[in-house]
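Along the sequence shown, the residues carry numbers beginning at 1.
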Amino acid sequence: FSCATNDEAKALVKKLDAKRSQLLNTGNEHRRVVPPENSNKDSKVIYVGVRQKGHRQSDGLTNIAGRMIQHLGYYKPGSTGALQLLHWAEGYDCKITINVLELPEPKETQYLYILEKLFAIELKPLCGKH
């Protein structure tokens, strides 16, 4: 997830940071688990993540499509960690680009997390733990 410029991305994440404690409040019936803060400062990338396995059994969506629903904030349970854009980015006029890299299902899934770490080192996302 990225914006066109570093300044747009920083402004968007600043909006998340302003709502972070309200979203994470366990007493809040509309609780949403959002990515943690990190120390990255100069990047147009908001978030880097990884998802494994093919299709969700509950509705047949690919796990990529299901994960996008979570990141956009349309997944009803808020306990799944995701960007939850609907719940904090309203009113912000920034085009967000979503880049997805789909790989063949590996036999050894731990390599996906190594790829995520390498992408995070290179792209320096402004939120999320890597």
Side-chain angles (χ1 to χ4, degrees):
F1 289 79
S2 63
C3 292
T5 68
N6 290 10
D7 289 340
E8 284 180 342
K10 283 195 273 190
L12 187 59
V13 172
K14 185 176 181 179
K15 191 168 177 81
L16 167 61
D17 291 341
K19 283 199 127 180
R20 185 180 300 280
S21 63
Q22 177 188 353
L23 291 166
L24 292 172
N25 182 349
T26 55
N28 179 356
E29 66 180 270
H30 303 291
R31 180 175 192 255
R32 294 281 160 177
V33 178
V34 293
E37 296 178 76
N38 65 34
S39 61
N40 294 334
K41 300 290 182 218
D42 292 314
S43 178
K44 65 181 185 176
V45 176
I46 301 163
Y47 180 79
V48 170
V50 65
R51 183 70 182 141
Q52 62 181 341
K53 304 213 179 181
H55 288 81
R56 297 188 325 185
Q57 293 181 4
S58 61
D59 55 19
L61 288 175
T62 66
N63 277 337
I64 293 172
R67 192 70 176 129
M68 291 303 109
I69 289 169
Q70 293 167 347
H71 283 306
L72 294 174
Y74 291 101
Y75 187 61
K76 188 166 176 124
S79 57
T80 300
L83 277 174
Q84 311 283 357
L85 290 165
L86 176 69
H87 300 279
W88 59 268
E90 70 280 345
Y92 188 76
D93 190 21
C94 166
K95 292 182 181 176
I96 298 173
T97 300
I98 302 171
N99 294 291
V100 176
L101 174 63
E102 184 176 15
L103 301 171
E105 187 70 34
K107 292 181 181 172
E108 300 294 332
T109 58
Q110 73 267 20
Y111 297 119
L112 292 175
Y113 298 101
I114 294 169
L115 284 174
E116 177 188 25
K117 180 73 169 175
L118 291 171
F119 275 111
I121 289 168
E122 179 69 25
L123 298 172
K124 299 174 181 60
L126 299 179
C127 63
K129 183 178 177 181
H130 297 99

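Considering CD1 of Ile46 and CD1 of Ile98, their distance stands at 9.5 Å, rounded to 0.5 Å. For the atom pair OH (Tyr47) and CG (Leu126), the distance works out to 13.5 Å, reported to the nearest 0.5 Å. One finds the NZ atom of Lys117 at 15.5 Å from the CG atom of Leu112 (value rounded to the nearest 0.5 Å). Here the CG atom belonging to Leu12 is positioned 10.0 Å from the CG atom belonging to Asp17, to the nearest 0.5 angstrom. Taken to the nearest 0.5 Å, the NE2 atom of His130 stands 11.5 Å off from the OH atom of Tyr113. With values rounded to the nearest 0.5 angstrom, Thr80 atom OG1 is found 12.0 Å from Ile69 atom CD1.
When the side chains of ILVMFWY residues are joined at heavy-atom separations under 4.5 Å, either directly or via intervening members, Val100 and Leu85 end up in a single hydrophobic cluster.
A search for salt bridge (charged side-chain N to carboxylate O under 4.0 Å, His left out) contacts involving Glu116 returns nothing, not counting sequence neighbours. For Lys14, there are no salt bridge (charged side-chain N to carboxylate O under 4.0 Å, His left out) partners, not counting sequence neighbours.
Proximity of a side-chain donor or acceptor of Trp88 to a complementary backbone N or O of Ala18 within less than 3.5 Å is not detected. Counting only distance, with no hydrogens or angles, the side chain of His87 and the backbone of Gly78 share no donor-acceptor pair below 3.5 Å. The backbone N or O of Pro35 sits less than 3.5 Å from a side-chain atom of Arg20, completing a donor-acceptor pair. For the pair Tyr92 (side chain) and Glu8 (backbone), a donor-acceptor distance under 3.5 Å is present. Not a single donor-acceptor pair under 3.5 Å links the side chain of Arg31 to the backbone N or O of Leu23.
The shortest heavy-atom contact between Ala82 and Arg67 is CB-NH1, 3.7 Å. Here the closest non-hydrogen pair linking Gly73 and Leu86 is O-CD2, 3.6 Å.
Sparse packing is recorded around CD of Glu102, with 12 or fewer heavy atoms of other residues, nucleotides or ligands lying under 6.0 Å away.
Proximity of Lys19 to Arg32: side-chain heavy atoms (C-beta onward) are nowhere separated by under 4.5 Å. In this structure, the side chains of Leu101 and Leu115 stay at 4.5 Å or more apart for every pair of heavy atoms. Contact annotation: the side chain of Leu83 approaches that of Cys127 to within less than 4.5 Å [non-hydrogen atoms, C-beta and beyond].
Sorted by first and then second residue, the side chain to side chain donor-acceptor pair (under 3.5 Å) pairs with a member in residues 33-46 read Lys10-Asp42; sequence neighbours excluded.
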